[in-house]
Each structure stands twice: as structure tokens, then as C-alpha cells.
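Scroll down for the structure; my scribbles are underneath it.
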Amino acid sequence: MSEPAAKDRNLSLELVRVTEAAALAAAGHMGSGDEKVADLAAISSAHKLFASLNIDGTICVGEGREGECDQFFIGEKIGNGNGPEVDVAIVALEGSSIVARGGPNAISTVAMAEGGGFLKVPEIYMDKIAVGPGVPDGVIDLEREPGENLKALAECRGVPVSDLVVCMLDRPRHSALLEKVRDAGARVRLILGGDVSGVIGSALPEGGIDMYIGIGGAPQGVLGAAGLRGFGGRMQARLIARRDEDRAVAKNMGIEDFDRIYSETDMASGNVTFAATGVTYGAMLKGVDKTVAGATSQSVVVRSVTGTYRYIETHHDFTRRKPVG
């Protein structure tokens, strides 16, 4: 094994340690009704572990702008500085409200790329469409009607539209979109939150999703694109400005064109590593299972260079080592 490949693999496992720490911390607040405390616990635990990583990292997608948050703000330097220069995208807890309710599909997720690899986006909305591997360029188009995209995907897969499952967030803003998907004849999976898991679910055979569509967070869109780079999926996305403040924040980050459609490689380019750990039970990952003396977690990690993805089941023994945070 070459030295760069070995380092990449080692860093992949280190990223899993970060998402595991965040997931364990958040899971301790499942069903508490307090989404803020779960979110802060995940952020704090992930931040502590990042400090020990052998990287010279910069947060490109995080919890917000400097001054808006104390940890994982855009531009923050992380890692111990003794390693490669990398960009980092992180959502320490995707689905804080899900954890507060004890619902499904909450995850902790992080991605790492070579310097300049991630599209820097503010905390605004993004319209998305994503499909799994084996779909040629041009089959999906964000500007087409849902029925047209579903027909094209069905023809590509050699199945009727009625065999396809479309995932989207269960939000009032999607009422018209949902009606169009149903009119096209596809089946639907509505989720309470966690659109990174929805995007990635479209790329996994066991995910049970053929297409993800709808409006969600822009940071989550970049993380979804990072994961799809490894799994070989396709994605298109466009930023949405709901008010003047959104345009102003985006302009400060160098984004002025809200008509541009970004592909998965536009949002996450180069050598990308993606990792996620389940917090609560879900279609993609099992949630944290607390035991008398520890916990069990399930994670997935993938590198775009190889396309190899691994599921990692970790048994944490808290009698020997307490969880971070």
C-alpha cells in the first residue's frame, strides 16, 4: 500500500471516530424534548476529537459564520496542524428535532476534501435532486418536472415508474411537489428530517430510495454531494434566496448567481472522504444502542478515489474509556 493511500485510509477511520463521538453524545438526549442540548452535545464532542486529528483543516461548511457560533464556524482552523491541508464540511447532528422527539434518521456526518474541494455555502435553502449510481449524465434535470425525471429514471433502470420510491422532507413547502410525484405514479417516502441521509439513501442498495428531491439546507446539500461522490451517485442543486439577507450572506461568500445549477462535483471535488454515524434508528444506519456499560454504534465511510464503502459496527466500553464530551 502506498503511503498516501494508507494516510487516506487512516484519516477515514479518524473521521468515523469524530462522527461516533458526536452520535454518542447526541443519543444521550434522545426523547428529551430539547433539540438544542442534543445539538450542542454533538458539536462539543466532535470538536474535541477534531483537535487531535493529524490535519491542517479549515471549516468550509459548518454551524454558521464566525460570531454566530463558537465551534465549527466557517473559516475555523481545526486539527493539530501536523498533516495535509484539507477542507472540512460537518453537520455534527443532522436532525436535532428528530433526536428531541426520538424519531428516525438522525445522523452525525462529516466530509473532508483537498483544499478548495467544497463549495462554500451559507445557512440558506437549496433545491435538490439526487439519484444513485449507474445513472448517466442528463437523465435527471433539476429544471424538469418531477414526472419527466421519474419517467427518464424509470427508462434508465428498465422499470415502471410505479416501482420507483421518491424520498422528500415532510414539509408544507413540498405539498405541490408531493402531488406531482404521486400523479406520476411513483411511491413516496416522507421523512421528518435528515436530508443528507435521504440523499445518501438513494445511492445505497439497502437504502430503499430511488430519487431524493426537494428543498432543504444548503450545508446538508454539500455533505450529500460529498457522500454521493464516493457512492457514484448523481446530484443537481440550486441555492434559494428567500429574502434579501440570504443574498447578502451568499454574496459575502462569493455567490451571486442563484440561477446556477451545481452538480455533485461542483459541490465536492477532488479526493473526498465522507463518514456518517447513526444517532437514531433509520433506513441507512442503525442508531446508537445504549448498553449497561457502553453502547453500540453503526457508521459508514466512503472515499471518492476508490468508491469502496465500509459499514463499521463499534462496541464502546465506557468502563474503560468514557465517551468524549
Review point. Out of curiosity, Arg17 CZ to Phe50 CZ, how far, rounded to the nearest 0.5 Å?
Key: 11.0 Å

Practice item. Could you label the plane-to-plane angle of the Tyr311 and Tyr309 rings as parallel, tilted or perpendicular, counting under 30° as parallel and over 60° as perpendicular? Key: perpendicular

Check your understanding: Of all heavy-atom pairs between Gly207 and Arg189, which one has the smallest distance, and what is that distance?
Key -> O-NH1, 3.1 Å

Revision key, fill the gap. Looking only at heavy atoms, the pair that brings Gly62 and Glu123 closest together is O-OE2, 3.3 Å

Check your understanding: Are Leu228 and Ser202 close enough that some pair of their side-chain heavy atoms sits under 4.5 Å apart?
Key -> yes

Practice item. Group every Ile, Leu, Val, Met, Phe, Trp and Tyr by side-chain heavy-atom contacts under 4.5 Å, then state whether Phe118 and Met253 land in the same group. Key: no

Study note, to complete from the structure: Separation between CG (Leu40) and CG (Asp70), nearest 0.5 Å, reads 9.0 Å

Review point. Considering residues at least two apart in sequence or located in another chain, which fulfil the side-chain contact (heavy atoms from CB on, under 4.5 Å) criterion with Ser97?
Key: Glu35, Arg101

Review point. Distance-only, no hydrogens or angles: does the Ser44 side chain make a donor-acceptor pair with backbone N or O of Ala41 under 3.5 Å?
Key: no

Review point. Under 3.5 Å, side chain of Arg229 to main-chain N/O of Val272, donor-acceptor pair present?
Key: no

Revision key, fill the gap. Smallest heavy-atom separation, Met211 atom then Leu153 atom, equals CE-CD2, 3.8 Å

Study note, to complete from the structure: Taking every heavy atom of Ala218 against every heavy atom of Pro122, the minimum-distance pair comes out as CB-O, 3.6 Å

Exercise for review: Say whether, by atom type as modelled, one donor and one acceptor occur between the side chain of Asp170 and the main chain of Leu190 under 3.5 angstrom.
Suggested key: no

Review point. Distance from Leu169 atom CG to Ile213 atom CD1, nearest 0.5 Å?
Key: 11.0 Å

Check your understanding: Once you round to the nearest 0.5 Å, how far does CE of Met112 lie from CZ of Arg303?
Key -> 9.5 Å

**Study point:** Any side-chain heavy-atom pair of Glu76 and Glu66 under 4.5 Å
**Key:** no

Identify each donor-acceptor pair in which a side-chain atom of residues 53-61 lies under 3.5 Å from a protein atom, sequence neighbours left out, and give them as a table.
{"from": "Asn54", "atom 1": "OD1", "to": "Asn80", "atom 2": "ND2", "distance (Å)": "2.7"}
{"from": "Asp56", "atom 1": "OD1", "to": "Lys77", "atom 2": "NZ", "distance (Å)": "3.1"}
{"from": "Thr58", "atom 1": "OG1", "to": "Lys77", "atom 2": "NZ", "distance (Å)": "3.1"}

**Study point:** Members besides Ile240 in its Ile/Leu/Val/Met/Phe/Trp/Tyr cluster (side-chain heavy atoms under 4.5 Å)
**Key:** Tyr125, Ile215

Practice item. Give the intermediate values and the outcome of side-chain contact (heavy atoms from CB on, under 4.5 Å) for residues Leu93 and Ile43. Key: CA-CA 7 Å; Leu93 176 57; Ile43 291 168; over 6 Å; no

Review point. Is the number of heavy atoms from other residues, nucleotides or ligands under 6.0 Å of Lys290 NZ greater than 12?
Key: yes

Check your understanding: Please walk me through it: do Arg260 and Asp266 pass side-chain contact (heavy atoms from CB on, under 4.5 Å)?
Key -> CA-CA 11 Å; Arg260 178 177 175 179; Asp266 292 328; 3.7 Å; yes

**Study point:** side-chain hydrogen bond (donor to acceptor under 3.5 Å, both in side chains) contacts in which one or both residues fall within residues 20-33, not counting sequence neighbours
**Key:** Glu20-Thr314

**Study point:** All ring pair (Phe, Tyr, Trp, His ring centres under 6.0 Å) counterparts of His47, not counting sequence neighbours
**Key:** Phe72

Review point. Is Val181 reachable from Leu164 through a run of I, L, V, M, F, W or Y residues, each pair having side-chain heavy atoms under 4.5 Å apart?
Key: yes

Check your understanding: Is the side chain of Glu264 donor-acceptor paired with the backbone N or O of Met235 at a distance under 3.5 Å, no angle test?
Key -> yes

Review point. Any side-chain heavy atom of Val301 within less than 4.5 Å of one from Thr19?
Key: no

Practice item. Verify, without hydrogens or angle tests, whether Thr273 (side chain) and Ser12 (backbone) share a donor-acceptor contact under 3.5 angstrom. Key: no

**Study point:** Heavy-atom neighbours of Glu68 CD exceed 12 at 6.0 Å
**Key:** yes

Check your understanding: What pair of heavy atoms forms the shortest contact from Leu119 to Val222, and how long is it?
Key -> O-CG2, 3.7 Å

Check your understanding: Less than 4.5 Å apart, any side-chain heavy atom of Tyr212 and any of Val165?
Key -> no

Practice item. Verify the cluster assignment for Leu239 and Met267: are they in a single hydrophobic cluster under the rule of side-chain heavy atoms below 4.5 Å apart? Key: yes

Check your understanding: Is there a donor-acceptor pair under 3.5 Å between the side chain of Lys128 and the backbone N or O of Gly217?
Key -> yes

Exercise for review: Step by step, work out the side-chain contact (heavy atoms from CB on, under 4.5 Å) result for Ser299 and Leu285.
Suggested key: CA-CA 7 Å; Ser299 307; Leu285 291 167; 5.5 Å; no

Point to revise | Hphob cluster co-occupancy, Leu177 + Val166, side-chain heavy atoms under 4.5 angstrom | key: yes

Review point. Does any N or O in the side chain of Glu94 come within less than 3.5 Å of the main-chain N or O of Asp195, such that one atom is a donor and the other an acceptor?
Key: yes

**Study point:** Verdict with reasoning, Tyr262 to Val121, per side-chain contact (heavy atoms from CB on, under 4.5 Å)
**Key:** CA-CA 12 Å; Tyr262 298 92; Val121 295; over 6 Å; no

Check your understanding: Taking the side chain from Arg187 and the backbone from Asp163, do they hold a donor-acceptor pair closer than 3.5 Å?
Key -> yes

Check your understanding: Are the side chains of Leu192 and Asn105 in touch, meaning some heavy atoms are under 4.5 Å apart?
Key -> no

Point to revise | Residue Met30 excluded, over 12 heavy atoms near CE under 6.0 Å | key: no

Exercise for review: Find out whether Arg242 and Ile124 are in side-chain contact, i.e. whether some heavy atom of one side chain is under 4.5 Å from a heavy atom of the other.
Suggested key: no

Check your understanding: Considering all heavy atoms of both residues, which atom of Ala113 and which atom of Gly117 are nearest to each other, and what is their separation?
Key -> CB-CA, 4.0 Å

Practice item. Check whether any side-chain N or O of Glu114 sits under 3.5 Å from a backbone N or O of Asn271 as a donor-acceptor pair, and report yes or no. Key: yes

Check your understanding: Do Pro84 and Leu11 touch side chain to side chain, with heavy atoms closer than 4.5 Å?
Key -> yes

Check your understanding: Is it true that Val91 and Val300 fall in one hydrophobic cluster, defined by side-chain heavy atoms closer than 4.5 Å?
Key -> yes

Study note, to complete from the structure: d(Ser197 OG, Leu204 CG) to nearest 0.5 Å is 10.5 Å

Practice item. Using a 4.5 Å cut-off on heavy atoms from C-beta on, say whether the side chain of Glu143 contacts that of Gln236. Key: no

Check your understanding: Ignoring hydrogens and geometry, is there a side-chain-to-backbone donor-acceptor pair from Thr280 to Gly102 under 3.5 Å?
Key -> no

Exercise for review: Mind checking the CZ-OG1 spacing from Arg234 to Thr265? Nearest 0.5 Å is all I need.
Suggested key: 8.0 Å

Exercise for review: Give a yes or no on whether Asp257 atom CG has more than 12 heavy-atom contacts from other residues, nucleotides or ligands under 6.0 Å away.
Suggested key: yes

Practice item. If a pair satisfies side-chain hydrogen bond (donor to acceptor under 3.5 Å, both in side chains) and one of its residues is in residues 149-159, list it, with sequence neighbours excluded. Key: Arg144-Asn149, Arg157-Asp210

